[in-house]
Each structure stands twice: as structure tokens, then as C-alpha cells.
Amino acid sequence: MTEARQSIRVGLLGCGTVGGGVIRLIERNRESITARVGAPVEVAHVLVRDASRERVSECKPEWVTTDPEVVFGDDSVDVYVEVMGGEEPAKSYVERAMSLGRGVVSANKYLLALHGPALLQKAADNNVDLAFEASVGGGIPVIRTLREALTSDSVDSVHAILNGTCNYILTRMRNEGIAFEPILKDAQNLGYAEAEPSLDVDGHDAAQKLVVLSMLAFGASVNVEDVHVEGIRDVDDIDFAFAERFGLTIKHLAIGHERGDKIELRVHPALISKESVLGNVNDVLNGAYIQGRALGPCLIVGRGAGEMPTAVSVVSDLVDVARGKISGRPGLATKVIRPVPRALVPMSEVETKYYLRFEVADESGVLGMITGALGDEGVSISQVMQEGRGANGESVPVLIITHPAAQGAIDRALAKISQSGSMKKAPRLIRIEDL
Ligand code: NAP
Ligand code: HSE
């Protein structure tokens, strides 16, 4: 039954980059939001850590509190929006809101990756919504697409750029040839990076998002610790230069692939064609390239981080949750997400092509040793390239592109090669994805 309401009152938990954007967007689009919800959306309280910090000008001082009892003790609050981040107290607050029979919107992929299945169960038990579009892909509607638009299909694979900070850094490294650290500083100043930016550059943020996506794409409840994760710290200028010659570019990808009753989940830098759809997703943009079994390919691209793009996803969720509340049918969209535990393909069995770069002493027999070690493990080579002539004991780069091979075989071959006295540095491996 549809409830006639004066307004939908919001308890905002956190008012940093995203929370400030949420307040501004509610204010900026007041009329259209009211029309879509069927009642005005009003901020009732804003919970923060430090009440003295400066907030966006649209945030009224009387909303701001550091006391959670003020926010949860107010029976007039209809929906809680968690944009604090981290595990605790965010988890306790989300659970408390649902126990009170209130719907929750969260942008917190860390919370969802660690506790998504349990929180979804709690939402179902309390007949409320838990909406989390902003937790993956910032402003791009990837959760909604999987949950609603593709609900009649099943997903074979997802290849995605899910960390705006990494994509921004890689794009500028490639285009401007500048070092990693100053670009990371810019990403922080632009509000893209996490409070702890190692979560971005070491790949954990993308892994958390992949786990959240897998709940929808593969109905999977997965331990984030079990996902293979590599970040972008080791990506080198020289690899961009070589990639260019092969018509490739380097992107930080999150990959999910259903393989029979198991799923493959991995996050790492990958070489992909410059001409591919994800090869052209640059700067802070995120992209999710989904292969539906009936649909075929589907691409969603947009800004993956920052104040307003993320606020768009949060406020869209808020509109949905508010509508559910007003219509007297809350919780329906959330109940359809029922992840169950699923086994992962061990990384040693994952097969891709590889780009291998060796810095070697320029002496006879080295190339033979490398190709021999790969051959002994059944790894077939597609291309070999050696650059220059190492004078005075300097190293020379040797590049090898392989045909598809299992990671276990490559690891064994590289261990053998590394033991030889001819390597000047540890070999560099980047997986190649055909997209
Ligand atoms: P942020 O700028 O660091 O803001 C966090 C806010 O939460 C601050 O207002 C902080 O209060 C408040 N807070 C933190 N711990 C608290 C506690 N224990 N009690 C009360 N308030 C607390 O973070 P953000 O960038 O807005 O990110 C928020 C969430 O959105 C995170 O889960 C993040 O992963 C996610 N997200 C962010 C982006 C993005 O582009 N930034 C995009 C998608 C998703 P004070 O202001 O007083 O310190
Ligand atoms: N730090 C995250 C990123 C924010 O760079 O993608 C969006 O979740």
C-alpha cells in the first residue's frame, strides 16, 4: 500500500568526499528527486568524527553530530546512508539501522566484500533494502545492470577496470612518461584515492569490488583473501614502450570468469589491445565489459571515483530505497541477491598468454636457456625480441610473448630461469588478455 508522506528523512553516516557530494546533489536536484520519490528527501542528521571540520556549504551546522545516539535515536529517520568507509563502526551502524527496520544505502566496498552475504541476509530478515551501487564503479550503474537489466541472462565473464586511481595513474604514466608518486598525489587531491591509498595501488580496492560484483554476476559468496591480487607499483615505463610496439596497452583489470562449477577471480595489470573497448577507457573512468550468455558483450563506462559521480550512485540508491518505503514494498530488490559459497579456480590452473621481460647479460646461450626452461614446462612461445647490444656488462632486455599456458607452468619456468646467473633483475610478467 502506498504511504502518503511529508518527506523521506535521511541519516547520513559520514560527510567526507562522498557524503558532501550526496548533500549537494540532493540540494541541486531537489525538484526532480521529489518528483521521482513522491516526497521531498530531507537530510535529518549528519554523523561525523570531527564536528569542527569544514563541510560543504550545503551541509547545515545543525545537522552535524558526533553522537550516533542522536542519529539512531530519531524515529523519524527513514533511510540511513553509510558513506564513512571501513569495517567498524560502519558494520555495527548498518546492522543497527536494519534492526530498526530502516533501509540502508552504502558506498563501502570493504564492508560489502567482507560481510555482504551476511548483511544481505539481515536485510532480507528485516524486510528492508540494502543498496550499494556506489561500492563498485563509482558513478557507473554496474550493480543495477547486473541485478535488473541482465536478470534474465547468466554471466559468463566480467573484465573490468574498477579502480579509478589506478586507471588515472596508468593513463598519465603512459601519456606523460612521469613517475608514479606525483600522479598518486594528484589522485588524492582530486578525491579519487582511498583514505589509505595503498588499497588502490596495491589492488585491494579492485579485489573488494570484484567480490561484490561476483555476488551479482555469479551468485557467489567469496572470501576476498582468496582472490589473486597484484597492484600497479611494478609497472614500468619500459613496459608501456614495448606494449606500444605490439599494439597493446597496460590496464589494471579485475577479471571474473565462470569455469564450470568454479569461478576464476583475479586482479592484476594486464596487456590488452589498444583498440579494445577497455583499452580506450582512460583517466579516472571505470569500465565493466560483461559477457552475458544470451546477450553477448555489454560495456558500461563512466567516472569511477570522485565526489559527484559517486554521489550520483548513492542518491539513485536513496531514491530507490525511498520509493520502496513509500510504496509499502521495501526489500524486494535486495531479496533477489542470494550469494552462496563457490569454489575458486586455483591461480596455478589459470591460463593466459604472457608478456615476459628479462634483463639479461648479453652473452651466448642465455636466450637458449630461457626458451629451454619455458619449453621444459610445455610453454609455447609466440614471439621473441631482443633489444640492443649490452656493452661493458650492461644488461639487455629480452621480451617473450607466449601462447596460452597455465600460471603454474610459467611460475616453475621462471623459478628455474631466475636461478641462472644470467639474470640482472627479477623477470617481469604481465598477463595478456584477448578482449
Ligand atoms: P572520506 O572523505 O574519508 O569521508 C569519510 C567520512 O566518514 C568523514 O566525514 C568522517 O568524519 C566520517 N567518519 C569516518 N569514521 C567515522 C566514525 N567512526 N564515526 C563517525 N564518522 C566517521 O571518505 P570518502 O572518500 O567520502 O569515502 C566514503 C566511502 O565511500 C568509503 O567506503 C569509500 O570506499 C566509498 N567510495 C568512495 C569513492 C570516492 O571516490 N571517494 C567512490 C566510491 C566509493 P570526519 O569528516 O569528521 O573525519
Ligand atoms: N579509490 C576508489 C578508486 C574510489 O580510485 O576507484 C572509488 O571506489
Side-chain angles (χ1 to χ4, degrees), residues 132-164 167 206-207 209-222 227-228 243 246-283 285-304 309 312-313 316 333 336-340 342-345 349-354 382 403-404 430-435:
F132 46 93
E133 182 65 73
S135 67
V136 182
I140 69 173
V142 62
I143 300 278
R144 205 171 255 100
T145 300
L146 286 166
R147 192 186 68 207
E148 287 165 21
L150 303 186
T151 193
S152 60
D153 199 1
S154 67
V155 173
D156 179 64
S157 63
V158 180
H159 289 76
I161 294 171
L162 294 181
N163 187 269
N167 205 30
K209 291 167 177 168
L210 183 60
V211 166
V212 176
L213 267 194
S214 298
M215 293 199 295
L216 291 116
F218 308 117
S221 161
V222 172
V227 176
H228 177 86
F246 291 107
L248 301 171
T249 189
I250 304 172
K251 291 289 174 189
H252 190 245
L253 292 191
I255 298 169
H257 209 137
E258 197 161 55
R259 305 280 189 193
D261 58 356
K262 293 189 180 155
I263 46 175
E264 195 176 298
L265 294 183
R266 50 195 168 97
V267 170
H268 52 73
L271 282 157
I272 59 177
S273 165
K274 277 197 319 186
E275 309 306 325
S276 66
V277 282
L278 290 179
N280 286 297
V281 174
N282 293 318
D283 298 305
L285 295 186
N286 279 195
Y289 184 66
I290 301 168
Q291 281 284 347
R293 292 198 173 84
L295 171 72
C298 165
L299 177 71
I300 310 168
V301 177
R303 286 174 70 191
V312 166
S313 286
S316 299
V336 298
I337 315 168
R338 305 305 298 260
V340 294
R342 294 197 61 180
L344 298 188
V345 178
E349 292 173 20
V350 167
E351 283 199 10
T352 69
K353 297 178 193 168
Y354 300 85
S382 141
H403 288 297
I430 309 180
R431 297 174 191 83
I432 303 173
E433 298 293 326
D434 288 325
L435 287 177

What's the shortest heavy-atom distance between [X] and [Y], and which atoms?
{"X": "Ile300", "Y": "Pro141", "value": "CG2-CD, 3.9 Å"}
{"X": "Val212", "Y": "Ser135", "value": "CG1-OG, 3.8 Å"}
{"X": "Val142", "Y": "Ala288", "value": "CG2-CB, 3.9 Å"}
{"X": "Asp153", "Y": "Ala294", "value": "OD1-N, 2.9 Å"}
{"X": "Leu278", "Y": "Lys251", "value": "O-CE, 3.8 Å"}
{"X": "Arg144", "Y": "Glu133", "value": "N-OE1, 2.8 Å"}

Verify, without hydrogens or angle tests, whether [X] (side chain) and [Y] (backbone) share a donor-acceptor contact under 3.5 angstrom.
{"X": "Ser221", "Y": "Pro339", "answer": "no"}
{"X": "Asn167", "Y": "Leu285", "answer": "yes"}
{"X": "Arg342", "Y": "Phe218", "answer": "yes"}
{"X": "Asn163", "Y": "Ala206", "answer": "no"}
{"X": "Gln291", "Y": "Val155", "answer": "no"}
{"X": "Asn280", "Y": "Lys274", "answer": "yes"}

Atom pair [atom1]/[atom2] of [X] and [Y] - distance to nearest 0.5 Å:
{"X": "Thr352", "Y": "Ile430", "atom1": "OG1", "atom2": "CD1", "answer": "11.5 Å"}
{"X": "Glu258", "Y": "Ser157", "atom1": "CD", "atom2": "OG", "answer": "10.0 Å"}
{"X": "Ile255", "Y": "Glu433", "atom1": "CD1", "atom2": "CD", "answer": "3.5 Å"}
{"X": "Leu265", "Y": "His228", "atom1": "CG", "atom2": "NE2", "answer": "12.0 Å"}
{"X": "Ile250", "Y": "Ile272", "atom1": "CD1", "atom2": "CD1", "answer": "10.5 Å"}
{"X": "Ile143", "Y": "Ile337", "atom1": "CD1", "atom2": "CD1", "answer": "7.5 Å"}

query = CZ of Arg303: more than 12 outside heavy atoms within 6.0 angstrom?
reply = no
Those residues that, when tested against Glu264, pass side-chain hydrogen bond (donor to acceptor under 3.5 Å, both in side chains) (two or more places apart) = Arg259, Arg266
inquiry  = Test of understanding: with side-chain hydrogen bond (donor to acceptor under 3.5 Å, both in side chains), list the residues that count as partners of Thr249, not counting sequence neighbours.
reply    = Arg174
Between [Y] and [X], is there a side-chain heavy-atom distance shorter than 4.5 Å?
{"X": "Leu216", "Y": "Phe132", "result": "yes"}
{"X": "Lys353", "Y": "Asp434", "result": "yes"}
{"X": "Ile263", "Y": "Leu344", "result": "yes"}

message = Under the rule for salt bridge (Lys or Arg N to Asp or Glu O under 4.0 Å), what residues qualify as partners of Asp261, not counting sequence neighbours?
response = none
task = Given side-chain contact (heavy atoms from CB on, under 4.5 Å), test Leu435 with Val277 step by step and report yes or no.
result = CA-CA 8 Å; Leu435 287 177; Val277 282; 5.8 Å; no
